[in-house]
Amino acid sequence: MTTPPDAGLRARMAGYYDILNKTADGGDLYAKLLQGPEDPYPIYEKIRALGPMSRSAFGAWVTTDHTIANKVLRDRRFGVRLADGQKVPEFMNFDNSMLGLDPPHHARLRKLTIPALNPRMAEQWRGRAEQLCDDMIDEVLAGGGQFDLMTEFAQKLPTTVIADLVGIPDELRPRFSRLSRRIAPLLDGVVSFHKVRGVDLAIGELTEMFRHIIALRQREPGDDLISQMLPAVAEGKLSMDELEPLCMFLPLAGSETTVNLIGNGVRALLAHPEQWEMLRDDPGSHAAGVVEETLRFDPPVQQYRRVAHHEIELAGEVLPVDSELAILAAAANRDPAVFDDPHRYDITRKSASGTLSFSAGIHYCLGAPLARVEAEAAIRALATRLPRLRPAGEPRRRDSFIIRGLLHLPLSTG
Ligand code: HEM
């Protein structure tokens, strides 16, 4: 699945960072974003001021415009691969399953996965998610007044739910969690050579682990996604070479994102005490609003890319074949043409569901219903059972530009 990192890679990465830093120092705003700034939102506004579409000296076209982004995501002249079907070269060569495929292969994989992740199935996880949240809060309360929201709560919920959903046997779960955390930098965009090597080793171990689990489910099918997908393999609709990456991609896509939706939500609530009080006074009515507004205001996936498969004219610019367009979803979510008073965090906002936080078009997040169920359960449980929640130390941010979230958020139960 991956090629081992080598001296050539180390040199290419060093070259990449050298150019990135020089371009950013030269004032290129997109290059500044790729450096993973503490607060990207002021940079988004400066990019917006350049117009609906701008060209970064770093190579990509960039948009913050909600209407353009929405249109591009639904336009079949754009894809995720190069026009000739090759993958866009990256430092980390991970097979991200359907998210890395254009039609027609994309539709086949997606269709096979829908039964396990449709909104009705997501709803069936609500009880389990609520129970897990309650158990974790019991542990927090038993442990005294202080805890780390990220490591003791937010990370555990989606990892457990996805492990149940995919069908990871209990005895392999601690190892699965450790390996999942080690491959997490995959979603962070370009990272250091050291991290690439760590990710590569973890992918190798995780692949072996899934081969073992798939063989186990072939012998003893269960009520899980792997067991549900195996008949498609037997019928020739899905190859083993596609099932393995799918099994590895889902936990990554489903946990590293949802973890940060919970963390970003709690951080936003504590930074806006009046919103926290409104939630705390009526968690049942406001938990869903918190989730939607957090997705808009501080989304876990800040940006993604599309590639022009034809020469395309867009907003007065001509994009040549194979040009990359960075869709700054977090900025589109604050487009003043679509959202009133866009920089205000308001959990009662009515228009929040028009965000691009789960993308749009054919790659629209398959896990969106499940992510909403989990995050709602988490926010509701925290507000109901820990009404005096407050910050108890400096949060530590995750060092990345694609995924935005926290590694640590120390809190006190009050
Ligand atoms: C808050 C949580 C989540 C966020 C913000 C999120 C965000 C996204 C985004 C932005 C994309 C599309 C990227 C693009 O268009 O290039 C995507 C795709 C996807 N997500 Fe999620 N996701 C979340 C949770 C989940 C969960 C819980 C699962 C599974 C259990 C999941 C599974 C997927 C899959 C399979 C795709 C690929 C869909 C396709 O290519 O057709 N996601 N997600």
Side-chain angles (χ1 to χ4, degrees), residues 69-70 72-75 78-81 88 95-119 121-122 124-125 129 154-155 157-168 180 187 189 224-225 229 242 245-265 290-307 324-330 332-333 353 355-379 402-405:
N70 206 9
V72 166
L73 291 169
R74 293 163 201 274
D75 186 336
F78 285 92
V80 292
R81 292 186 163 229
V88 178
D95 182 342
N96 56 354
S97 189
M98 70 189 88
L99 187 54
L101 292 177
D102 284 325
H105 301 294
H106 167 265
R108 182 173 47 84
L109 269 191
R110 183 166 169 114
K111 211 168 131 199
L112 289 168
T113 321
I114 288 174
L117 288 170
N118 66 30
M121 288 306 292
Q124 293 185 10
W125 288 100
Q155 285 169 5
L157 176 63
T159 338
T160 310
V161 170
I162 206 80
D164 286 356
L165 190 146
V166 174
I168 317 280
S180 299
L187 291 179
D224 54 69
L225 185 127
M229 299 296 263
E242 290 170 324
L246 179 65
C247 291
M248 299 201 10
F249 172 69
L250 280 180
L252 184 67
S255 48
E256 288 308 313
T257 47
T258 313
V259 166
N260 295 314
L261 176 55
I262 299 169
N264 293 359
V290 169
V291 172
E292 294 311 314
E293 179 65 344
T294 305
L295 280 164
R296 186 195 71 81
F297 181 79
D298 200 14
V301 180
Q302 296 264 303
Q303 60 167 291
Y304 32 85
R305 285 182 170 213
R306 289 297 181 266
V307 180
E324 287 187 58
L325 172 63
I327 293 180
L328 303 182
N333 287 350
S353 55
T355 71
L356 295 177
S357 305
F358 288 124
S359 187
I362 65 167
H363 291 285
Y364 179 80
C365 175
L366 257 185
L370 180 62
R372 287 189 162 110
V373 162
E374 290 180 44
E376 254 176 67
I379 295 295
I402 295 178
I403 296 285
R404 181 165 156 85

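Ligands are counted one by one from 1 in listed order, and the atoms in each one are counted from 1 as well.
- When all heavy atoms of Asn264 and Asp298 are compared, the pair lying nearest together is ND2-O, 3.0 Å.
- By the side-chain hydrogen bond (donor to acceptor under 3.5 Å, both in side chains) test, Arg305 pairs with Tyr30, Glu324, sequence neighbours left out.
- For ligand 1, the atoms closer than 4.0 angstrom to any heavy atom of Leu250 are 35 (C).
- Residue Leu356 comes nearest to Asn333 through the heavy atom pair N-OD1, 2.9 Å, listed as atom of the first residue, atom of the second, then distance.
- Ligand 1 lies nowhere less than 4.0 angstrom from a heavy atom belonging to Pro299.
- The set of protein atoms (N, O or S) found at less than 2.8 Å from atom 21 (Fe) of ligand 1 reads Cys365 SG, by chain and number.
- Residue Lys111 does not touch ligand 1, judged by heavy-atom distances below 4.0 Å.
- The two residues Ile262 and Ala378 make their nearest non-hydrogen contact at CD1-CB, 3.8 Å.
- Remark: minimum distance from atom 40 (O) of ligand 1 to any protein heavy atom is reached at His363 ND1, 2.7 Å.
- Atom 34 (C) of ligand 1 has its closest protein heavy atom at Phe249 CE2, 3.8 Å.
- At a threshold of 4.5 Å between non-hydrogen side-chain atoms, the residues Leu99 and Val80 do not count as touching.
- Between Asp224 and Leu165 the shortest side-chain heavy-atom distance does not fall below 4.5 Å.
- Evaluated by nearest non-hydrogen atom to atom 10 (C) of ligand 1, the leading choice among Ser97, Gly361, Ser357, Pro369 is Ser357.
- Of the protein's heavy atoms, Leu99 CD1, 3.8 Å lies nearest to atom 13 (C) of ligand 1.
- In this structure, CG in Asn70 is found 9.0 Å from OG in Ser359, a value given to the nearest 0.5 Å.
- Proximity of a side-chain donor or acceptor of Arg110 to a complementary backbone N or O of Ile362 within less than 3.5 Å is detected.
- Here the heavy atom of the protein found nearest to atom 30 (C) of ligand 1 is Ile162 CD1, 3.3 Å.
- Listed by atom number, the atoms of ligand 1 under 4.0 Å from Leu117 heavy atoms are 30 (C).
- Contacts of Pro300 classified as side chain to side chain contact (heavy atoms under 4.5 Å, CB included), with partners at least two apart in sequence or in another chain: Asn260, Leu261, Leu295.
- Atom CD of Gln303 is separated from atom CG of Leu325 by 10.5 Å, given to the nearest 0.5 angstrom.
- Between the side chain of Arg81 and the backbone N or O of Val88, no donor-acceptor pair lies under 3.5 Å.
- Counting only heavy atoms of the protein, atom 14 (C) of ligand 1 lies nearest to Arg306 NH2, 3.5 Å.
- The ring pair (Phe, Tyr, Trp, His ring centres under 6.0 Å) check on Phe78 picks up nothing, with sequence neighbours excluded.
- Taking both residues in full, the closest heavy atoms of Arg404 and Pro299 are given as CB-O, 3.9 Å, listed atom of the first, atom of the second, then distance.
- Looking at Arg110 next to ligand 1, an N or O pair under 3.5 Å apart turns up.
- Put simply, no part of Arg372 is less than 4.0 Å from ligand 1, judged by heavy atoms.
- Distance from atom 1 (C) of ligand 1 to its nearest protein heavy atom, with residue and atom name: Leu261 CD2, 3.5 Å.
- Shortest contact from atom 37 (C) of ligand 1 to any protein heavy atom: Met98 CG, 3.9 Å.
- Put simply, part of His106 is less than 4.0 Å from ligand 1, judged by heavy atoms.
- When all heavy atoms of Leu250 and Leu117 are compared, the pair lying nearest together is CD2-CD1, 4.1 Å.
- Backbone and side-chain nitrogen or oxygen atoms of Glu374 are examined, and none is located within less than 3.5 angstrom of a nitrogen or oxygen of ligand 1.
- Look at Ile362 and you'll find a heavy atom under 4.0 Å from some atom of ligand 1.
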